Amino acid sequence: MTTEHEEASLLSALLDGELEGPERVRLQKHLSFCSTCAIELESLRKVKMVLAKAPKKSMPMEWIQAFPQALTAERNSQKNSSRASVFSQNWLIPALVAAAVSFAVSFWIFQSQSSFPLRHSLSLNSVSTPVSPLNPSSSQTQDNTP
Amino acid sequence: MIERKEELLDPKRFQDISEESFRQAEFVVLLKKNGDKVYNFAWRLAGNEQDAWDLFQETLMKAYSHFESYDKSRPFDSWLFKILQNVYLDERRRDSRRTVASLDAPSPISGKPWEEILAGTDLNPLDRFTKEENVDMVQKALAGLPPLYRSAVILCDMEGLSYDAIAEVMDCPLGTVRSRVHQARLLLKKAFEDLSDTFHSGKQLQ
Ligand SMILES: [Zn+2]
């Protein structure tokens, strides 16, 4: 048995349940007679508790609902620049428009209980927090039907 | 009508589109299951909703574009945490206006060097916080940490990840995780004390 303190970060490891075997036994033994380390462990526990109990934020659901559409828009804009020939197909544009319209309608129905406006414009550059109270003016509704 | 449409569609292209839809659906299912944790990590890491929002979006776009490389036997949340952390660090490196906090730099908590802050370890004023004070204090205290310490302690104490999982997210050895988590807690403890003192002395003045 030694009166020397253990490596301090072992206290955090013990607290996190990440200390096993002889290291754990040795530290627990040390803690049974070293009040300095016992107090330190207690204060680390309090910090951990404060963080664990801190409120959490959820991701904005309406954006996740519209994520596939955002990806399609992103993909199309990339294709538009690199593979413009895809858009020479006559069927593709009406098909995309029809898909976008049906998606928008079903999404609108799905979201109709919510008070959030439907957001279409979700490309990387144009999106800002739609529900953020810090940024209420940003949630402009854009319609992607031409 | 449907028959005519099918005639027009090139089968190969039709297959591409449905594969893409399937991929998107798969991604969204995983995202719905894991997104809250990842968004919360973004919020705590970035410190405010606007930055968290940007960070989260860029992470999702990046994740989706590398979705093929995601190993489905591994947890999806850890994979997203890792991408998010890398996006965050890249942004910080790019952003020359911000100076990256290091152990050598003066602490933004109280303007004192980190060593000095780490030295003092008495009292525990955390009990003095009310719930509302806590929200603000936690965010402020986290903002004062060097980014890698902040990441480690958020993942450990707020997201409940094991050291193993954190090591994977942060691409570092277990010992480094342990040390980062521990140092972060020491700094947070000091930050809580400072913020609490400021808060309560401010209250007395009013
Ligand atoms: Zn000791």
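Chain A is the first sequence line, chain B the second, and so forth, proteins listed ahead of strands; every chain is numbered from 1. These numbers were taken from a predicted model, which means no experiment stands behind them.
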Assess the residue pair Glu49(B) and Lys57(A) against the criterion (side chain to side chain contact (heavy atoms under 4.5 Å, CB included)); give the C-alpha distance rounded to whole Å, side-chain angles, the decisive distance to 0.1 Å, and a yes or no. CA-CA 9 Å; Glu49(B) 279 200 78; Lys57(A) 281 249 187 285; 3.4 Å; yes

What's the verdict on side chain to side chain contact (heavy atoms under 4.5 Å, CB included) for Leu186(B) and Glu40(A), showing C-alpha distance, side-chain angles and the deciding distance? CA-CA 10 Å; Leu186(B) 295 181; Glu40(A) 186 64 9; 3.1 Å; yes

Contact summary for Arg44(B) and Pro55(A), nearest pair of heavy atoms: NH2-O, 2.9 Å

Side-chain donor-acceptor pair present, Arg178(B), Ser12(A), cut-off under 3.5 Å: no

Between Lys53(A) and Asp157(B), does at least one N-O distance fall below 4.0 Å, as a salt bridge requires? no

Measure distances from Phe41(B) to the heavy atoms of chain A and classify the residue's part below 4.5 Å as side chain, backbone, both or neither. neither

Cut-off 4.5 Å, heavy atoms of chain A, and the answer for Val177(B) is neither

Distance col, row Glu18(A):CD vs Asp164(B):CG, nearest 0.5 angstrom, shows 7.0 Å

For chain B, the option from Leu10(A), Leu15(A), Leu11(A) that forms the most heavy-atom pairs under 4.5 Å: Leu10(A)

Please flag which part of Leu60(B) lies under 4.5 Å from any non-hydrogen atom of chain A: side chain, backbone, both or neither. both

Which heavy-atom pair separates Ala8(A) from His182(B) by the least distance, and what is that distance? O-CE1, 3.2 Å

Side chain to side chain contact (heavy atoms under 4.5 Å, CB included) between Cys156(B) and Asp16(A), worked out: CA-CA 8 Å; Cys156(B) 182; Asp16(A) 296 326; 3.7 Å; yes

To the nearest 0.5 Å, what is the distance between CD (Glu159(B)) and NZ (Lys56(A))? 6.0 Å

Checking side chain to side chain contact (heavy atoms under 4.5 Å, CB included) for the pair Ser9(A)/Gln183(B): CA distance, chi angles, key distance, verdict? CA-CA 8 Å; Ser9(A) 69; Gln183(B) 294 301 316; 5.9 Å; no

Side chain / backbone / both / neither for Ser65(B) at chain A, heavy atoms under 4.5 Å: neither

Keeping to residues at least two apart or across chains, list the salt bridge (Lys or Arg N to Asp or Glu O under 4.0 Å) pairs with something in residues 25-36 of chain B. Glu26(B)-Lys72(B)

Indicate yes or no: at least one non-hydrogen side-chain atom of Lys37(B) is less than 4.5 angstrom from one of Met59(A). no

Beyond-backbone contact of Leu188(B) with Leu51(A), side-chain heavy atoms, under 4.5 angstrom: yes

Which atoms of Phe56(B) come close to chain A, meaning under 4.5 Å heavy atom to heavy atom: side chain ones, backbone ones, both, or neither? side chain

